[in-house]
Amino acid sequence: MTPRHIYIKSATQISMQQPLSEAWLSSPEMPAGSYVRSIDPDFRQWFTPLQSRRMGKLLKRALATALTAIERSAISQPDAIITGTGIGCIESTEQFLNQLCRDGETLLQPTSFMQSTHNTVSSLIAIHTRQHGYNTTYSHKAVSFDMALLDAFTQLRLGDFSSALVTGNDELSPSYFRILQRAGFVGQPGQVAAGEVSMAMMLTTDPADTLCEVESVSMSCRQLQSLSLPPVAGVDMLVVGTNGLPANDAPYRHVASLYPGVARLAYKQLFGESYSASAVGVYAAAHLLHSRRARRVLFVNHSDDRNASLVVLKSVQQP
């Protein structure tokens, strides 16, 4: 059986760049400081005031990006909804725990607790789109989105789906930023800003009006070197997650040394560091291909130099 070709039909983001826009391609926002929160759109175009009050920021961002990707793809009900998130709805978790500590167990309101689980995002998207199919969430630190993408890619190749909405979502509260800063993950000298990401993309087997083709997705529970890299010929851009920390950047420098002269995009300089940063890295690669700034892109990601992923995207347009 000939493997199916997989395409990205639409992709959009909310981050420290202009929301639901590709303005960063020509006029990027340049974040300053060690911690930058997302620029939110006007959520009133999707939610009533009552709905908005009952949802945390991450849920509103995730729904806005998902519904925008759905609208731009003209696929109203995808066969699958697959989400990657590192820390889930952490602000809702904090609100619930703070209320528990402050008021005890007798006066708790259930909303924050119900929204604090990691799979809340995928479930809420399904409710809003009336989708009753495959729905799952991956939470594996900085490769959470990568695993969601691999799941969608594999099942689309096998013919289980013809479309899949794949999302990556993470928020970062001030208190959790301080925790991650003490742990050395963000906020270190010389490191890019810590940020937040909500990204949604529609994958499909239909080649019409797509951003690019997803040629391959591969992952390893070992170092990047254990993955089989594509030949240098034909790769004209690397998209890498360098963030200014030597331990994080060393694997990317090794890969880059194998592709001398190939252009590189360090996307975390534009979108910040987060557990879902890889989601916006793949998003950026897709739009670079669609805008004809590249023809074949190798996206590289790793988490603690133990879990690694490679995504090869290629243009569907003639040069």
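Please read these numbers as outputs of a predicted model, since none were measured by experiment.
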Query - Single hit among Q188, K268, E273 for side-chain hydrogen bond (donor to acceptor under 3.5 Å, both in side chains) with N243 - result: E273
Query raised in the report: Does CZ belonging to R54 count more than 12 external heavy atoms closer than 6.0 Å?
Result: no
Query raised in the report: Does a donor on one side chain and an acceptor on the other come within less than 3.5 Å for S291 and R293?
Result: yes
For residues 304-311, which side-chain donor-acceptor pairs fall under 3.5 Å, sequence neighbours excluded?
{"residue": "D304", "atom": "OD2", "partner": "K141", "partner atom": "NZ", "Å": "2.7"}
{"residue": "D305", "atom": "OD2", "partner": "Q223", "partner atom": "NE2", "Å": "3.2"}
{"residue": "S309", "atom": "OG", "partner": "D146", "partner atom": "OD2", "Å": "2.4"}

Requested in this report: Please examine the side chains of S257 and R253, heavy atoms only from C-beta on, and report whether any two atoms are closer than 4.5 Å.
Outcome: no
Query raised in the report: Do P41 and I14 touch side chain to side chain, with heavy atoms closer than 4.5 Å?
Result: yes
Query raised in the report: If we only count heavy atoms from C-beta on, is the D79 to Y134 side-chain gap below 4.5 Å?
Result: no
Requested in this report: Check whether any side-chain heavy atom of C89 lies under 4.5 Å from a side-chain heavy atom of E171, and answer yes or no.
Outcome: yes
Report task. Identify the residue among L298, V214, V217 that makes a side-chain contact (heavy atoms from CB on, under 4.5 Å) with L313. Result -> V214
Query raised in the report: Is there a donor-acceptor contact under 3.5 Å linking the side chains of T65 and S198?
Result: no
Query raised in the report: Can you find a heavy atom in the side chain of V36 that is under 4.5 Å from one in the side chain of E29?
Result: no
Requested in this report: State, without any angle test, whether S276 and D170 hold a side-chain donor-acceptor pair at a distance under 3.5 Å.
Outcome: yes
Query - Audit row: I125, L67, side chain to side chain contact (heavy atoms under 4.5 Å, CB included) steps and yes/no - result: CA-CA 8 Å; I125 296 171; L67 295 175; 6.0 Å; no
Query raised in the report: Charged N to carboxylate O under 4.0 angstrom, K57 versus E196?
Result: no
Report task. Count the heavy atoms of every other residue, nucleotide or ligand shown that sit under 6.0 Å from CZ of R72, and state whether that count exceeds 12. Result -> yes
Requested in this report: Mark yes when over 12 heavy atoms from residues, nucleotides or ligands other than R102 sit less than 6.0 Å from its CZ; otherwise mark no.
Outcome: yes
Report task. Using side-chain contact (heavy atoms from CB on, under 4.5 Å) as the criterion, point out the one residue from L203, D206, L211 that pairs with K9. Result -> D206
Query raised in the report: Any side-chain heavy atom of Y138 within less than 4.5 Å of one from S122?
Result: no
Requested in this report: From the options F299, Y283, Y252, select the one residue that forms a ring-ring contact (aromatic ring centres under 6.0 Å, His included) with Y267.
Outcome: F299
Query raised in the report: Between E91 and R37, is there a salt bridge with N-O shorter than 4.0 Å?
Result: yes
Report task. Applying side chain to side chain contact (heavy atoms under 4.5 Å, CB included), run through M30 and L270 and close with a yes or a no. Result -> CA-CA 7 Å; M30 300 309 296; L270 295 173; 4.2 Å; yes
